[in-house]
S.K.: 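Got a structure for you, questions after.
So that the names make sense, note that chain A is the first sequence line, chain B the second, and so on, each numbered from 1. Quick caveat: nothing in here was measured; it's all calculated off a predicted structure.
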Amino acid sequence: MTRYWLFKSEPDCFGISDLKRRKKATWDGVRNYQARNYLRDEVQLGDVVVFYHSSCAEPAAVGIAKIVRAAYADKTAWDSHSEHPDPKSTPKNPIWYVVDVAYVHTFQHAVLLKVLHAMPEMNGSPLTQRGNRLSILPLSEKQYRAIKKEGGR
DNA sequence: GCCAACGTTGGC
DNA sequence: GCCAACGTTGGC
């Protein structure tokens, strides 16, 4: 059964336009255990991802991607030159995981955070709760449909 | 750039 | 196991 997820990324670092250009990307650098657990244990091939821009002028859900490869070890963890090295993670005992995502489409209208806040479907979602820092979070099918509708495709 | 909220670390 | 200190996230 298809599941729905929301993945956050800083557009200055990697935005939906970067994914569009590259068609496919490895979602690396997740260094939070709860997000890791979702990635490793629950995100499956074919799942649908809402791409969200965070830490920027207009935080918003901006488009759709899909999972094209389920979890495998995050090699950047044991690369001391990577952006998020973690010496505790090794090829034999990886702590951190990645998935591969592919571009699907960009929303006609970015669904701004304030709009997400106003959507009754998003009540109780970690996304719209204060102080939330989870970078990968599950969406219900209802939430996904509501966001997609606001996005205009 | 600021600051509140949060997760992690490390001393005890 | 507790908790203060610290670093990071993320909205504004």
S.K.: Could you tell me whether the side chains of T76(A) and R31(A) share a donor-acceptor contact shorter than 3.5 Å?
M.R.: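 Judged by distance alone, the side chains do pair up.
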
S.K.: Testing the basics here: between Q143(A) and P138(A), what is the closest heavy-atom pair and its distance to 0.1 Å?
M.R.: OE1-O, 4.2 Å

S.K.: Please tell me whether W78(A) and I95(A) are part of a single hydrophobic cluster in this structure, the criterion being side-chain heavy atoms less than 4.5 Å apart.
M.R.: no

S.K.: Please state how far atom CZ in R130(A) lies from atom P in dA4(B), giving the value in whole angstrom units.
M.R.: 13 Å

S.K.: Enumerate the salt bridge (Lys or Arg N to Asp or Glu O under 4.0 Å) contacts for residues 39-56 of chain A, please, sequence neighbours excluded, ordered by first and then second residue.
M.R.: R3(A)-E42(A)

S.K.: Indicate for each nucleotide in nucleotides 6-12 of chain C, in 5' to 3' sequence, whether protein heavy atoms under 4.0 Å reach the base (B), only the sugar-phosphate (S), or nothing (-).
M.R.: -BBSBS-

S.K.: F7(A) and ring pair (Phe, Tyr, Trp, His ring centres under 6.0 Å): which partner among Y52(A), W27(A), F14(A), F51(A)?
M.R.: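 By the ring pair (Phe, Tyr, Trp, His ring centres under 6.0 Å) criterion, F7(A) pairs with just one of Y52(A), W27(A), F14(A), F51(A): W27(A).
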
